[in-house]
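One structure below.
When reading the values below, keep in mind they use all heavy atoms of this one structure, side chains included, and skip hydrogens, waters and symmetry mates.
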Amino acid sequence: MAQITRFLETFEPSHYDVYIDVNRGTKEISGKSTITGVAHTKPVYIHQKNMDIEAVKVNDSDVAFTVDNKTESIKIDVPEMGEMTLAITYKAPLTDSMMGIYPSYYEVNGEKKELVGTQFETTFARQAFPCVDEPAAKAKFDLAIKFDEKPGETILANMPEVREENGVHYFDTTVRMSTYLIAFAFGDLQGKETTTKSGVKVGVFSTKANQPKELDFALDIAKRSIEFYEDFYQTPYPLPHSWQLALPDFSAGAMENWGLVTYREAYLLIDPDNTALDTKQLVATVISHELAHQWFGDLVTMNWWDDLWLNESFANMMEYVAIDAIEPDWNVWELFQTSDVPAALQRDATDGVQSVHVNVENPAEIDSIFDSAIVYAKGARMLVMMRALVGDKALRAGLKNYFAAHKYNNAKGADLWNAVGDAAGMDVASIMNTWLEQPGYPIVNAKIVDGKLTLSQQQFFIGAGKDEGRQWKIPLNSNYDVAPTIFGDKEITLGDYQTLRKENGKPFRLNVGNNSHFIVKYDDTLMKDILDNLDDVDAISQMAILQDLRLLAEARQISYADVVPYLKHFSDHRSTVVNSAIYRIAYNLRKFITPNTDEEKALKKLYGQLSEKQYARLDWTPKDGESIDDQLTRPTILNAALYAENDSAMAKAHKLFDENKNNLDALPADVRIFVIRNEVKNYGSQELVDSLLNEYKTTTDPSYKSDLNVAITSTKDSEMIKKLIGEFENAQTIKPQDLRAWFRGVLDNPVGEQAAWDWIRNDWDWLEATVGGDMEFATFITVTASVFRTPERLKEFKEFFEPKINTPGLTREITMDISIIETRVNLIEDEKKDVNEAIKAAL
């Protein structure tokens, strides 16, 4: 067994008959997995996890078998190699782990109910039925599901139901697919359906705890997304239906199970009468992301988890391509620039970060490679860069050929590059592999040397980093034609600067559009020229200037004190992306100040000056005909004005609260969070927080729940903090899927930091038992590291986490987070005085 890393090498399945009987009352699963396939070795190995294997038959004859829980395997002594049928009878627990087959809990009119669903990615199908649980082990599946059915309950699966006999629901044979994409769910559901232009049935389903109208938005986006993808990919949707299902308990955001996509309620259900535009954008992009997967990931699947990016990076790009096409007024690419891009740039600059393509074998480590900032955000940016390089015509032609060549099978990254490269007439692979295989990204230095405009590249690090001489093939996207399309050298001279400046009649710039994954450091002459002509620079490029200055300051290549004066320069801008960049820098300044000091008063005054005019213009109430930018900028400005303790903002928020205190969920969704948080922080009482916590328990509106979470955890009452932490392990109040957000809220509150840090250290074993083995688990470490900023906390962090550094799935996160905190501590220690002086000077 030691030499076998893939079970597919021993047994290659072609068809499964899976019978599963789920008993919610006893929390037991029993079943039979009948697998037809070819044995390539003697013995063969089949995956199982936490199962009681009762019997194994080969071609109807009993055979010897051995179960090894460490390798999650059944070793089966087959009598010979060749084609055969394995029949495995088993029992397994129905757990509350949000993995495998599991129940979600909810209430309707005070009655407690359960909805059973599945989550099989990455390696959890083996908890539901014995199988070869690897992406390349594709087969066809016939599912038969029985459960302790009650009148009126509904069951859904990847394929349509064909019959029901003696309480067993039989589903149509699937197409050839991977085990991790199998899904089913049953319970007391409601749903709405429609049909695409090509005849695909589309449905959205939820529990009856939600209002029927909350399904409408998702139904519309899902239908139009599928229609868009069929056209863009030039490949039909390959199944008869596409069901979207909201699960009350779900550890991930959503999961692309083929034909039955599952979601957190917060990422599918929307109140059409009161939802903020940014929430609509988020939900729409999540839906379009999962539906992009129905082709890219489901129809053609990565061969192994090291090519996870082939699924996730592409879907992450396509979610924006799709929503931009079907809702062009939303300017959704700006969301990509303000969320995915900064996340990728920040994370990817830390030494030790994983590359987009990363080798992985251990099941515990597979979950750890789902790094949202790298595999999703950086990978998407990498593909955006490729799309800009080849153009949509070549991209679409390449994808059509890619799907045709690999449909119902598996592929590697090289297969994608070859398909797109052939269509574009370009060696795409040689360019993109420099981004795919190498961690990190370059900084391009643009400077005038002896009168010559010179460019050079080197790896960019925030904090300590070992420069290994990596080079990238960089799409420069310059506004000067003399700059090469692809810059692959260490250094290049473009020519006499004065001559070039005169010929072009505009300041020299790189990465116009901010589509390529690098940052730019202009020398003083070039930067001054850009700033002197800022009115001629588009909003995305202005945002990129601020973004690059922030990163340069994080990396100590310039001082944070030098960045402070730039903020007022941009503060009256009407663009969402520019305001997002301004206040990201302003937020970072908070780490240099100590709460409740004159330093904090000065920073709040700066916030007030930055936001004053914008607050007066936007106020709390939307105006008829206002722009998308104004709708999306208002929350940023209100947040800044309240931090600045703007008297008018605080008083109006208090008034809005009083006017709506008996119906807080009816407050306009885009300002509701600020109204309630202002009340808790500045007018709060234990009675208020208790009532809000009760609201949190009873409301079914996911957006309102999120607002309440943020507001409640901002309390200044230390006794209330203790009470909140006492609820962390009470799933009746805080579901495990939501715990990280509550922990983060309390930890980031100066009044709650110590208590939250004590909780995670004291109750780590409980946390690991509850959410360990899930891809979200390591992010509790990430969240902790994102808050800590003192030498004392660094010492405590290392003392607690270093002994856990060899835990599979946690090694990289702990190592990187120690480096991240060390870098932050050193930056603050060295620059605190200068930054605070710069803040005072800016007033």
Over all atoms of both residues, closest heavy-atom pair of Asn257 and Ile182: OD1-O, 4.1 Å
Can you name the residues that form a salt bridge (Lys or Arg N to Asp or Glu O under 4.0 Å) with Lys27, not counting sequence neighbours? Asp96
Plane angle bin for Phe777 and Phe780 - parallel if under 30°, tilted between 30 and 60°, otherwise perpendicular: tilted
Can you check whether Phe124 and Phe120 have ring centres sitting under 6.0 Å from each other? no
Output the distance between atom OG1 (Thr122) and atom CG (Asp367), rounded to the nearest 0.5 Å. 3.5 Å
Tell me whether Thr713 contacts the main-chain N or O of Val710 through its side chain, where contact means a donor paired with an acceptor under 3.5 Å. yes
What's the spacing between Ser206 OG and Leu245 CG if we round to 0.5 Å? 8.5 Å
Salt-bridged, Asp707 to Arg677, with N to O below 4.0 Å? no
Aromatic ring proximity Phe314/His293, centre distance under 6.0 Å: no
What is the ring orientation for Phe296 with Tyr233, classed by angle as parallel under 30°, tilted 30 to 60°, or perpendicular over 60°? tilted
Would you compute the distance between atom OG1 of Thr207 and atom CD of Glu114 and round it to the nearest 0.5 angstrom? 13.0 Å
Stepwise salt bridge (charged side-chain N to carboxylate O under 4.0 Å, His left out) check, Asp371 with Lys378: CA-CA 10 Å; Asp371 188 322; Lys378 177 187 175 178; over 6 Å; no
N-O pairing of Arg634 and Glu626 below 4.0 Å: yes
Might you confirm whether atom NZ of Lys197 has over 12 heavy atoms from other residues, nucleotides or ligands at distances under 6.0 Å? no
Apply side chain to side chain donor-acceptor pair (under 3.5 Å) to residues Tyr105 and Gln732 and explain how you reach the verdict. CA-CA 9 Å; Tyr105 302 100; Gln732 300 301 311; over 6 Å; no
Mark yes when over 12 heavy atoms from residues, nucleotides or ligands other than Lys146 sit less than 6.0 Å from its NZ; otherwise mark no. no
Which heavy atom in Asp670 sits nearest to a heavy atom in Pro635, and how many Å separate them? O-CG, 3.8 Å
Between Asp188 and Lys150, does any side-chain N to carboxylate O distance fall below 4.0 Å? no
Would you say the side-chain atoms of Arg381 pair up with the backbone N or O of Ala344, donor to acceptor, closer than 3.5 Å? no
Is Glu327 reaching over with its side chain to a backbone N or O of Val332, donor-acceptor style, under 3.5 angstrom? no
Determine yes or no for a side-chain-to-main-chain donor-acceptor pair under 3.5 angstrom, with Gln127 supplying the side chain and Ile101 the backbone. no
Quick one: are Tyr704 and Ile676 in side-chain contact, heavy atoms under 4.5 Å? yes
Dump the intermediate steps for side-chain contact (heavy atoms from CB on, under 4.5 Å) on Thr154 and Gln190, then the final yes or no. CA-CA 8 Å; Thr154 301; Gln190 62 178 335; over 6 Å; no
Which residue pairs pass the side-chain hydrogen bond (donor to acceptor under 3.5 Å, both in side chains) test with at least one member in residues 270-286, sequence neighbours excluded? Lys213-Asp273
So for atom NZ, which belongs to Lys201, do other residues, nucleotides or ligands contribute more than 12 heavy atoms lying within a distance under 6.0 Å? no
Output the distance between atom NZ (Lys113) and atom OG (Ser104), rounded to the nearest 0.5 Å. 14.0 Å
Is the backbone N or O of Trp258 less than 3.5 Å from a side-chain atom of Asn158, with the two atoms forming a donor-acceptor pair by type? yes
Going through the checks in order, is the side chain to side chain donor-acceptor pair (under 3.5 Å) test met by His169 and Glu149? CA-CA 11 Å; His169 297 264; Glu149 192 167 352; 2.8 Å; yes
When rounded to the nearest 0.5 Å, the distance separating CG of Leu181 from CZ of Phe141 is 9.0 Å
Short side-chain to backbone donor-acceptor contact, Glu319 and Val321, under 3.5 Å: no
Salt-bridge contact Arg740-Glu776 (side-chain N to carboxylate O under 4.0 Å): yes
Steps toward side chain to side chain donor-acceptor pair (under 3.5 Å) verdict (Arg584, Thr338): CA-CA 10 Å; Arg584 191 178 291 271; Thr338 58; over 6 Å; no
Leu239 versus Met159: any side-chain heavy-atom pair under 4.5 Å? yes
Do you know which two heavy atoms are closest between Ala292 and Met318, and how far apart they sit? CB-CB, 3.9 Å
Might you work through the side chain to side chain donor-acceptor pair (under 3.5 Å) test for Thr733 and Glu727, ending with a clear yes or no? CA-CA 6 Å; Thr733 302; Glu727 298 289 344; 2.8 Å; yes
For Tyr229 and Trp295, I'd like to know if the aromatic rings sit close, meaning centre-to-centre distance below 6.0 Å. yes
Would you call Val202 and His241 a side-chain contact if the rule is heavy atoms closer than 4.5 Å? no
If every non-hydrogen atom of Glu290 is compared with every non-hydrogen atom of Ala254, which pair is closest and at what distance? OE2-CB, 3.4 Å
Over 60° means perpendicular and under 30° means parallel, so classify the ring planes of Trp243 and Phe205, tilted if in between. perpendicular
Might you point out which heavy atoms bring Trp330 and Ile323 nearest each other, and give the distance in Å? CE3-CG2, 3.7 Å
Quick one: does any side-chain atom of Arg264 pair with a main-chain N or O of Phe250 as donor and acceptor, under 3.5 Å? yes
For the student: nearest non-hydrogen atoms of Val680 and Ser714, plus distance: CG1-OG, 3.9 Å
Less than 4.5 Å apart, side chain to side chain, heavy atoms only: is that true for Met255 and Tyr263? no
I'd like to know if the side chain of Ser178 and the backbone of Pro135 have a donor-acceptor N/O pair within less than 3.5 Å. yes
Over-ring placement of Lys705 relative to Tyr696, 6.0 Å and 45° cut-offs: yes
For the residue pair Val384 and Tyr320, establish whether any side-chain heavy-atom pair is separated by less than 4.5 Å. no
Carboxylate-amine/guanidinium proximity below 4.0 Å for Asp690 and Lys723: yes
In this structure, are over 12 heavy atoms from other groups packed under 6.0 Å from Tyr267 atom OH? no
Does Tyr237 offer a backbone N or O that forms a donor-acceptor pair with the side chain of Glu230 under 3.5 Å? yes
Consider side chain to side chain contact (heavy atoms under 4.5 Å, CB included). Of Leu291, Thr262, Leu269, which one does Gln244 pass it with? Leu291
For the pair Thr633 (side chain) and Asp630 (backbone), establish whether a donor and an acceptor sit closer than 3.5 Å, ignoring hydrogens and angles. no
Would a line drawn from the ring center of Tyr180 to the ring center of Trp305 be shorter than 6.0 Å? yes
Distance check, rounded to the nearest 0.5 Å: Thr301 atom OG1 versus Asn311 atom CG? 6.5 Å
